[in-house]
Protein chains: 2
Amino acid sequence: METLSTSHAHGGVQGVYRHASLATGTDMTFSVFVPPHAEGARLPVVWYLSGLTCTHANVTEKGEYRRACAELGLIFVAPDTSPRGEGVADDPQGAYDFGLGAGFYVDATQPPFAAHYRMWTYVTEELPALLGAHFPADPSRQSIMGHSMGGHGALTIGLTFPDRFKAVSAFAPIVAPGRVPWGQKALAGYLGDDRDAWRRHDAVALIEDGARMPDMLVDQGDADPFLEEQLQTHWLEEACLAAGQKATIRMQPGYDHSYYFISTFMEEHVRWHAHRLKGL
Amino acid sequence: METLSTSHAHGGVQGVYRHASLATGTDMTFSVFVPPHAEGARLPVVWYLSGLTCTHANVTEKGEYRRACAELGLIFVAPDTSPRGEGVADDPQGAYDFGLGAGFYVDATQPPFAAHYRMWTYVTEELPALLGAHFPADPSRQSIMGHSMGGHGALTIGLTFPDRFKAVSAFAPIVAPGRVPWGQKALAGYLGDDRDAWRRHDAVALIEDGARMPDMLVDQGDADPFLEEQLQTHWLEEACLAAGQKATIRMQPGYDHSYYFISTFMEEHVRWHAHRLKGL
């Protein structure tokens, strides 16, 4: 693992790191904020999965999570959204919503994407192991959040590993990729026609199929230009209600899809996670 | 004035605007955050001047000022750092520290820069008038802060208009441009050999020459790679001490020159400004 940069921030250290990933067969870059802590302490970890077109950098620069994470003693980890580099297939038309920057947190089975697009394994297995080896992370206290495509990732991973993630939250998530254009394009492209595989990567379908998580917090702006066609938050509300899945899903008046929205509610999400990770 | 974007943030509105500037003879872009407020209220204004290579966008995205400004009811304004566009002269070698992105908050007298580089007039006259006309700003309650080259701008403007700016603060400012490479290049390029003109744009020289401001807060990281050659904060400390200028100048251990440093101390600066603007 190579350190690309470290900066003091809010009494802790914001770092950016790179390593050769076995899962993706590429170099992968990610950021970690480590709050001020006692020597030898192991700290709870909040995972943040980013949205379409993003890298680790967007939330690292614009997410406004450090102040609360420093106060509450939480590590904050932000992976990239896809493999990158020479030989990594991209959308044939170079679209923003498939290929580079748009891995959708699945292990692709379809050529030419199956070679490198293994973001599920990367985020749920390889990067957690690396984190445990190089940072003062406590694997028994983890939570996960994400934005848009990364909200989809956080919800599906949280539903798949309910014992691992004590809290799951999302900003403007894609809640049912199998039923909206962004998700249909991605799931077909990465997973082919296997609709059972699609359902394992669709939060609403997972809940319908019996998956549960301890608790869920979702914020969605009602001025989000993607709400009606791509996000359709009401499907998640309906699925949670029908299944008895505990959830707080809030429509925030006037807010859009940007980091101005995310950073407004980030502190509240971090505190909600801390409460479930640390009993705070 | 044209609205380029607005987003809800922390209960207020973060906007980006463009207008045809008479001072610079170019279009100029700037950002304004307006906190939640009562209809008809006039609000105190914090000006933020950015550093070399920056536009309005850096602090707008990375500055982490909105939460505190929303709580305290402060407007936050971030201008660009130079004129831009067709016909605007740049550094002959395209260097980062002169020309585009490096206006140094002076009115240039030297060709070819005198044509457009009128950032002093732009920031101290034209943009305040525009702000008063289009936003709920209270001109009787203004303060100013800045980073690096923008810290130089904030200090020199604050020292020149002590009745207008009730608080002046800076992150890692250039305190004596006439005595360091960045500043010598810029002042010679924009103002020529007129050393009296240089002194009017040099915070340490202004203090030596009798200028004063009500109070000053400066934070400087001791891991800042520019500290020794370009910033030399101790000159400001010595000048304030010799002149009896009230000042709090703090060396922050481990911090560098980045927005990770700025965003760490931004809230404290905003509160310090609010105290002087509103008696909070």
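This structure is a prediction, so every number in the text was calculated from the model and none was measured.
- Put simply, the side chain of A:M145 reaches to within 4.5 Å of the side chain of A:F171, judged on heavy atoms.
- The only option from A:H275, A:E267, A:H273, A:H269 that meets the side-chain hydrogen bond (donor to acceptor under 3.5 Å, both in side chains) definition with A:R271 turns out to be A:E267.
- Interface residues of residues 51-63 of chain A toward chain B, defined by a heavy-atom distance below 4.5 Å and sorted by number: A:T60, A:E61, A:K62.
- A donor-acceptor pair is defined here as one N or O able to donate and one able to accept, closer than 3.5 Å; no such pair exists between the side chain of B:R42 and the backbone of B:P136.
- Counting only heavy atoms from C-beta outward, the side chains of A:E64 and A:I262 never approach each other to under 4.5 Å.
- The CD atom of B:Q232 sits 12.0 Å away from the CD1 atom of B:I174 when rounded to the nearest 0.5 Å.
- Here the options are B:F30, B:F33, B:W47, B:Y65, the test is ring pair (Phe, Tyr, Trp, His ring centres under 6.0 Å), and the partner is B:F76; only B:Y65 passes.
- With hydrogens and angles ignored, the 3.5 Å screen pairs a side-chain donor or acceptor of A:Q230 with a backbone N or O of A:W182.
- Per-residue counts of heavy-atom pairs under 4.5 Å with chain B were compared for A:R67, A:H8, A:Q14; the largest is that of A:H8.
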Pair A:L72, A:L277 - check side-chain contact (heavy atoms from CB on, under 4.5 Å), show working.
CA-CA 10 Å; A:L72 299 163; A:L277 288 165; over 6 Å; no
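- Near-neighbour residues of residues 254-261 of chain B relative to chain A, defined by a heavy atom under 4.5 Å from a heavy atom of that chain, comprise B:G254, B:Y255, B:D256, B:S258, B:Y260, B:F261.
- Side-chain contact between B:M266 and B:H147 is absent, with no heavy atoms from C-beta onward closer than 4.5 Å.
- Neither the backbone nor the side chain of B:S5 comes within contact range of chain A; no heavy atom of the residue lies under 4.5 Å from a heavy atom of that chain.
- Considering only heavy atoms from C-beta on, B:L236 comes within 4.5 Å of B:M216 through its side chain.
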